[in-house]
Amino acid sequence: MKKLIFLYFLFLTAGFTWAQNKTECSVWRISNINQVSLPVFANQPSVDGKKFDNAALLGSIQADAGDIKNWTVISVRPDSLITLVNKEYQFIQMAGYVKSDRWTKASVNISTNALFELSLDGKKVKTQGQPSEKPVKTDITLGTGVHKLLLTVISIEKSLRLGANITADKDSVKLAWSTDPKRTVTINDIIEGESVTDAKLSASGKYLLIQTDEILPGTGKSQRSFRVINMELKRNLFALRNNAF
């Protein structure tokens, strides 16, 4: 009887693992290695006895991720050692792309002994100012198509270990991970975004009233805006925006 219960438990566990639809982030594009300079008195406590907070380093870095296509591609196994980093306080950026076949809630799970910031499609979604012994989970929302994940990483040891995966909320969702940003055009590309629906010029020709409608990404809702442009000065005078409807 106990054996049957144990086998049943294993069956449920196996089913649960499959339903989580975990996709390993096994390849990344990685930037050049940069050494981070600490403040002059970083090793000494402040006047109130506090030590330098490493988390402040993440906010002080101005990184340029505009040349991702020329970054080196590396393979990273779960919790793998990234040999390019071999000193404390070295800074790198890592980029990859996740493709989803539909809209879904998901989570990014990152295991590392370093500090990091995570951005999704250019928007910061997580800042981890100190190393964590457990994987750090970040909830995200993915629309149909390809999305860019960018990791800003600062080592605080002489070695850097990192592993990451993405888990969809529903087992029916199909996710894929790569270093290729290419994607196919979807119906969302066609219907979403802003378009001019009307334009009227004043009798004097000095002012132009433009009406635009915008389909908000991921919602299907429409938002209408009106802008008045001074044609002589070539600039917007003011804009009015209606709530989504």
Side-chain angles (χ1 to χ4, degrees), residues 18-34 58 61-85 91-112 114-128 135-155 160-193 215-219:
W18 175 80
Q20 287 298 297
N21 196 6
K22 183 170 69 174
T23 300
E24 295 292 342
C25 304
S26 56
V27 290
W28 293 83
R29 288 190 177 273
I30 185 170
S31 69
N32 294 328
I33 310 298
N34 296 280
L58 288 169
I61 290 178
Q62 299 296 323
D64 181 12
D67 197 30
I68 292 178
K69 63 180 180 180
N70 294 323
W71 291 0
T72 302
V73 175
I74 64 171
S75 295
V76 180
R77 292 176 296 178
D79 200 20
S80 179
L81 184 68
I82 299 179
T83 57
L84 295 174
V85 175
F91 154 69
I92 60 170
Q93 288 184 290
M94 302 174 64
Y97 301 87
V98 57
K99 181 179 180 180
S100 177
D101 69 337
R102 68 196 68 186
W103 183 94
T104 182
K105 294 285 188 179
S107 61
V108 181
N109 306 287
I110 298 174
S111 301
T112 183
L115 318 179
F116 71 86
E117 280 188 350
L118 175 65
S119 296
L120 173 65
D121 293 332
K123 182 179 180 180
K124 189 187 302 180
V125 293
K126 182 66 176 181
T127 298
Q128 185 66 24
V136 178
K137 178 182 177 182
T138 303
D139 293 327
I140 60 174
T141 300
L142 299 174
T144 304
V146 177
H147 304 270
K148 180 177 71 176
L149 285 178
L150 179 67
L151 268 175
T152 299
V153 182
I154 299 178
S155 64
L160 171 61
R161 295 186 178 276
L162 186 138
N165 63 69
I166 303 175
T167 303
D169 280 4
K170 297 181 179 179
D171 57 277
S172 58
V173 177
K174 294 182 180 179
L175 300 179
W177 177 261
S178 76
T179 57
D180 188 356
K182 294 180 181 178
R183 64 182 180 87
T184 56
V185 176
T186 68
I187 188 63
N188 291 24
D189 296 310
I190 299 173
I191 64 174
E192 291 181 351
I215 304 299
L216 303 179
T219 67

Side-chain donor or acceptor of [X] paired with backbone N/O of [Y] under 3.5 Å:
X	Y	answer
W71	M94	no
T152	F116	no
N165	K22	no
D139	K137	no

Would you compute the distance between atom [atom1] of [X] and atom [atom2] of [Y] and round it to the nearest 0.5 angstrom?
X	Y	atom1	atom2	result
L142	K99	CG	NZ	13.5 Å
I166	L149	CD1	CG	5.0 Å
I74	T83	CD1	OG1	7.5 Å
H147	T144	NE2	OG1	7.5 Å
R29	N70	CZ	CG	8.0 Å
T138	L118	OG1	CG	5.5 Å

Considering all heavy atoms, the nearest [X]-[Y] contact:
X	Y	value
A168	A106	CA-CB, 4.0 Å
V146	P181	CG1-O, 4.1 Å
E24	A164	OE1-O, 3.4 Å
S100	V173	OG-CG1, 3.8 Å
S178	D180	OG-N, 3.2 Å
S172	D101	O-OD2, 4.3 Å

task = Decide whether K105 and T141 meet the rule of one side-chain donor and one side-chain acceptor closer than 3.5 Å.
result = yes
query = Given side chains that start at C-beta, do those of V76 and I30 come closer than 4.5 Å, heavy atoms only?
reply = no
task = For I92 and W28, run side chain to side chain contact (heavy atoms under 4.5 Å, CB included): C-alpha distance rounded to whole Å, both residues' side-chain angles, the deciding distance at 0.1 Å, then the answer.
result = CA-CA 12 Å; I92 60 170; W28 293 83; over 6 Å; no
Residue pair L151, T112: steps toward the side chain to side chain contact (heavy atoms under 4.5 Å, CB included) verdict = CA-CA 11 Å; L151 268 175; T112 183; over 6 Å; no
